[in-house]
Enquirer: 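My questions will all concern the structure given below.
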Amino acid sequence: MCGVIGIVGREPVNQALYDGLTVLQHRGQDAAGIVTSDGRKLYLRRDNGLVKEVFFERHMRRLLGNMGIGHVRYPTAGSSSSAEAQPFYVNSPYGISLAHNGNLTNADALRKALYRQDRRQINTNSDSEILLNVFAQELLRQDALKVTPDDIFMAVEGVHRRCLGAYAVVAMLTRDGLVGFRDPNGIRPLVYGVRDTHKGKEFMLSSESAALNAQGYRLVRDIEPGEAIFITHDGRVFTRQCSEHPRYNTCIFEYVYFARPDSIIDNVFVHKARMRMGHLLAERIKTVWPDHKIDVVMPIPDTSRTSALELAYTLNVPYREGFMKNRYIGRTFIMPGQTQRKKSVRQKLNPLDIEFKNKNVLLVDDSIVRGTTSEEIVQMARDSGARQVYFASASPPIRYPNIYGIDMPAASELIAHGRTESEVGDALGVDGLFYLTLEDLLSAVRQGNPELEQFDCSVFTGEYTTGEDNNYFKALEAQRNDGQKRQEEDERDSLAIDIRDSD
């Protein structure tokens with residue numbers, strides 16, 4: 001999962017891009033990058049780290065121009081090398097920079113085709129560089145000295161024909177303008193906003209509407225599945241549907257976990273959707289355990305707060321904050337490697353013993369993925385004096401890996417894979433476990449926008465929107481399992497030692 005942003009302004013956009021990326025920081029904490037254009041030249045800064053760690057005053061001063069794009073990266077199956085920090089750039093045609101959120105499921109085939117047919121060399125393991133080169137090649141086919149909106153849209157049509165998977169893209173043509181497009185299933189979000197200034201209108205594309213709101217942009221709408229938008233450097237806006245068979249299959253996990261609660265995705269207020277998740281989860285608890293003995297409801301901060309508060313209200317049980325969060329520790333779910341995740345959970349959350357002592361506690365989280373973090377938190381609650389510990393998940397059991405840009409690992413590393421709900425509860429060491437049903441989850445989101453008939457729910461059902469064969473999943477499991485990640489970390493550490501020794 002990553003965050004993307006693009007701005008066409010009337011004044012320098014370096015600070016606005018930086019500020020927008022800080023709002024999207026929750027979507028990726030591995031690397032950050034910004035590229036700007038003054039209409040003739042590009043100015044690029046990208047590196048590993050948080051936004052505040054990558055950009056300093058000396059870097060910001062060099063990011064010249066009234067147009068630019070930015071990216072925050074979260075590694076999935078690729079490495080976390082700084083060489084894969086985005087945006088990427090290719091010189092031909094026109095000079096194109098690109099940032100991408102999602103994952104191409106036919107990346108290997110595209111890599112080979114780009115070399116054999118298009119004579120383009122890919123230098124990293126990132127599918128974003130592949131996507132950039134596919135877009136560039138399709139644009140080159142238009143064979144125009146001066147790019148037009150029709151050329152842009154024909155190129156995006158070509159991308160849709162060649163690329164499978166999930167992709168929400170912002171791209172910049174150095175002299176011409178900003179391009180945004182979304183895959184035909186709309187799996188990953190992309191929104192479009194505008195604001196009025198004394199010098200004229202300014203435009204922004206972003207993964208989430210929260211980045212628009214934070215800087216005074218008005219949300220115009222979501223970019224539709226398969227649609228492309230082209231905003232020229234002087235502020236003219238063109239849009240076109242570029243897919244023959246577009247349909248909404250938005251990733252349901254955006255509403256469960258990834259998006260900020262103050263964002264709107266496909267006309268659904270994320271905060272309201274999470275409130276409904278909490279309410280429906282409470283109704284399920286009342287149905288299966290009408291004489292429950294829950295003394296207090298506690299969220300596992302931060303994403304589950306909205307659901308937990310509504311759950312407590314529906315159950316008529318006190319809501320308490322039992323864990324204090326260290327906000328300087330990254331999101332545990334997106335940390336690479338199991339050792340690092342386990343180490344960070346106790347650094348990140350500190351229990352308040354007074355809220356647990358001699359109470360039957362219901363812990364609420366947005367989801368349970370590997371289960372190791374949840375197991376650690378349950379033990380923390382017991383160590384703090386809880387009499388009974390129950391656990392509630394505001395989403396169904398996650399039994400299958402995600403292939404569209406979320407680092408949900410090999411199926412064998414998912415705690416619910418091959419287990420019943422009762423067996424998951426035993427593995428977590430809880431006295432009771434409650435999951436939201438898939439039907440209730442879909443209802444909670446659809447209530448915000450009844451026109452959303454389908455979602456990508458593959459992590460719950462194993463039914464993948466783009467349809468992949470078993471060979472793809474075997475290769476993915478080999479890349480994503482924690483053992484492979486530990487080996488990659490050891491290799492990077494060894495390389496660092498070798499470099500130091502050579503000095």
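Just so you know, these numbers come straight off a predicted model, no measurement behind them.
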Enquirer: For the CZ atom on F269, are there more than 12 heavy atoms of other groups (residues, nucleotides or ligands in this structure) within a distance under 6.0 Å?
Expert: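 No, because the 6.0 Å sphere around CZ of F269 holds 12 heavy atoms or fewer from other groups.
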
Enquirer: Measuring from atom NZ of K359 to atom CD1 of I294, what distance do you get when rounded to the nearest 0.5 angstrom?
Expert: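 It comes to 14.0 Å.
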
Enquirer: Does the side chain of T36 pick up a donor-acceptor pair with the side chain of N14 at under 3.5 Å?
Expert: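 No pair is found: no donor N or O on one side chain lies under 3.5 Å from an acceptor on the other.
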
Enquirer: Less than 4.0 angstrom from a charged side-chain N to a carboxylate O is my criterion; do R221 and E227 meet it?
Expert: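 A salt bridge links R221 with E227.
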
Enquirer: Would you say CD1 of I354 has more than 12 non-hydrogen atoms from neighbouring residues, nucleotides or ligands within 6.0 angstrom?
Expert: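 12 or below, so no.
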
Enquirer: Just wondering, do F460 and F455 contact through their side chains at under 4.5 Å, heavy atoms?
Expert: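 In short, these two side chains do not touch, never coming nearer than 4.5 Å.
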
Enquirer: Answer yes or no: is there a side-chain heavy-atom contact under 4.5 Å between F253 and N402?
Expert: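 Heavy-atom side-chain distance check fails, nothing below 4.5 Å.
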
Enquirer: For R260, is there any backbone N or O sitting under 3.5 Å from a side-chain donor or acceptor partner on E208?
Expert: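 A pair under 3.5 Å: yes.
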
Enquirer: Answer yes or no: is there a donor N or O on one side and an acceptor on the other, between the side chain of R27 and the main chain of V72, under 3.5 Å?
Expert: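 Pair absent, no side-chain N/O of R27 close to backbone of V72.
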
Enquirer: Go through the side-chain N and O atoms of D266 and T250 and say whether any donor and acceptor fall under 3.5 Å apart.
Expert: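 Note: D266 and T250 side chains meet the donor-acceptor criterion.
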
Enquirer: In terms of side-chain geometry, is the basic nitrogen of R284 or D440 positioned less than 4.0 Å from the acidic oxygen of its partner?
Expert: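 Answer for the salt bridge query: no.
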
Enquirer: State the CZ-CD1 distance between F203 and I7, to the nearest 0.5 angstrom.
Expert: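 Atom-to-atom, F203:CZ and I7:CD1 are 12.5 Å apart.
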
Enquirer: May I ask you to decide if the ring planes of W289 and H292 are parallel, tilted or perpendicular, using 30° and 60° as cut-offs?
Expert: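 It falls in the perpendicular class, over 60°.
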
Enquirer: Under 3.5 Å, is there a donor-acceptor pair between the side chain of R399 and the main chain of R419?
Expert: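 Confirmed, R399 side chain pairs with R419 backbone.
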
Enquirer: Determine whether more than 12 heavy atoms belonging to other residues, nucleotides or ligands lie under 6.0 Å from atom CD of Q379.
Expert: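 Check passes, neighbour count above 12.
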
Enquirer: Between CD1 of I398 and OG of S458, what distance do you get to the nearest 0.5 Å?
Expert: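 The CD1 atom of I398 sits 10.5 Å away from the OG atom of S458.
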
Enquirer: I'd like to know whether OH of Y313 has more than 12 heavy-atom contacts from other residues, nucleotides or ligands below 6.0 angstrom.
Expert: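 12 or below, so no.
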
Enquirer: Can you measure from CG (N185) to CZ (R247) and round to the nearest 0.5 angstrom?
Expert: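 One finds 5.0 Å between CG of N185 and CZ of R247.
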
Enquirer: Does S393 reach the side chain of D365, with side-chain heavy atoms less than 4.5 Å apart?
Expert: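 Result no, sub-4.5 Å side-chain heavy-atom pair not found.
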
Enquirer: Are the side chain of E84 and the backbone N or O of N125 linked by a donor-acceptor pair below 3.5 Å?
Expert: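 Looks like yes, one N/O pair under 3.5 Å.
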
Enquirer: Would you say K52 has more than 12 foreign heavy atoms packed within less than 6.0 Å of its NZ?
Expert: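 At most 12 heavy atoms, drawn from other residues, nucleotides or ligands, come within 6.0 Å of this atom.
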
Enquirer: Checking side-chain contact (heavy atoms from CB on, under 4.5 Å) between V4 and each of P189, S207, S206, which is the one that passes?
Expert: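 Passing option: S207.
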
Enquirer: Taking the basic N atoms (NZ, or NE/NH1/NH2) and the acidic carboxylate oxygens, is any pair closer than 4.0 Å for D431 and R387?
Expert: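 Between R387 and D431 there is no salt bridge, as every charged N stays at least 4.0 Å from the carboxylate O atoms.
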
Enquirer: Name the residue from D456, T466, T465 that meets the side-chain hydrogen bond (donor to acceptor under 3.5 Å, both in side chains) definition with Y404.
Expert: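 Going through the options one by one, the only one that passes is T466.
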
Enquirer: Could you tell me whether R274 and E310 make a salt bridge, using a distance below 4.0 angstrom between a side-chain N and a carboxylate O?
Expert: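 Here R274 does not pair with E310 in a salt bridge, since their nearest N and O are not under 4.0 Å apart.
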
Enquirer: Are R370 and E375 ion-paired here, with the side-chain N under 4.0 Å from a carboxylate O?
Expert: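 Judged by the 4.0 Å cut-off on N to carboxylate O distance, R370 and E375 do not form a salt bridge.
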
Enquirer: Report yes if some heavy atom in the side chain of I406 is under 4.5 Å from a heavy atom in the side chain of Y257; otherwise report no.
Expert: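 No, their side chains stay 4.5 Å or more apart.
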
Enquirer: Between CG of L363 and CE of M298, what distance do you get to the nearest 0.5 Å?
Expert: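 These two atoms lie 7.5 Å from each other.
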
Enquirer: Side chain of D183, backbone of Y167: donor and acceptor closer than 3.5 Å?
Expert: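 Yes, D183 side chain to Y167 backbone: donor-acceptor pair under 3.5 Å.
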
Enquirer: Using a 3.5 Å distance criterion without hydrogens, assess whether the side chain of S384 forms a donor-acceptor pair with backbone atoms of M380.
Expert: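 It does hold such a pair.
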
Enquirer: Quick one: which of L309, V317, V361, T314 gives a side-chain contact (heavy atoms from CB on, under 4.5 Å) with V297?
Expert: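 The residue from L309, V317, V361, T314 that satisfies side-chain contact (heavy atoms from CB on, under 4.5 Å) with V297 turns out to be V317.
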
Enquirer: Counting distance only, does the side-chain N/O of T306 pair as donor-acceptor with the main-chain N or O of H271 below 3.5 Å?
Expert: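 No, T306 side chain to H271 backbone: no donor-acceptor pair under 3.5 Å.
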
Enquirer: Going through the checks in order, is the ring-ring contact (aromatic ring centres under 6.0 Å, His included) test met by F356 and F323?
Expert: CA-CA 10 Å; F356 289 91; F323 296 97; 5.3 Å; yes

Enquirer: Would the distance check show the side chain of Q25 and the main-chain N or O of L50 forming a donor-acceptor pair, the cut-off being under 3.5 Å?
Expert: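 Flag not set: sc Q25 to bb L50 has no pair under 3.5 Å.
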
Enquirer: Quick one: does V389's side chain get under 4.5 Å of L428's, heavy atoms only?
Expert: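 No, every pair of side-chain atoms sits at 4.5 Å or beyond.
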
Enquirer: Under 30°, 30 to 60°, or over 60°: which ring-plane class applies to H417 and Y400, parallel, tilted or perpendicular?
Expert: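 Plane angle over 60°, so perpendicular.
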
Enquirer: Is there a side-chain contact between F391 and V424 in this structure, where contact means two heavy atoms from C-beta onward sitting under 4.5 Å apart?
Expert: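 Answer no - side chains too far apart.
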
Enquirer: Is the closest side-chain heavy-atom distance between R46 and F88 below 4.5 Å?
Expert: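 Yes; the side chains approach each other to less than 4.5 Å.
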
Enquirer: Do you know which two heavy atoms are closest between C163 and L131, and how far apart they sit?
Expert: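 Reported closest heavy-atom pair: SG-CD1, 3.8 Å.
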
Enquirer: Report the residue from K286, H279, E283 that forms a side-chain contact (heavy atoms from CB on, under 4.5 Å) with L315.
Expert: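 When side-chain contact (heavy atoms from CB on, under 4.5 Å) is applied between L315 and each of K286, H279, E283, only K286 qualifies.
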
Enquirer: Check whether any side-chain N or O of Q86 sits under 3.5 Å from a backbone N or O of H71 as a donor-acceptor pair, and report yes or no.
Expert: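 Looks like no, no N/O pair under 3.5 Å.
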
Enquirer: Spell out, as yes or no, whether a donor-acceptor pair under 3.5 Å connects the side chain of E423 to the backbone of T420.
Expert: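 Indeed, once roles are kept as given, a pair shorter than 3.5 Å links the two residues.
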
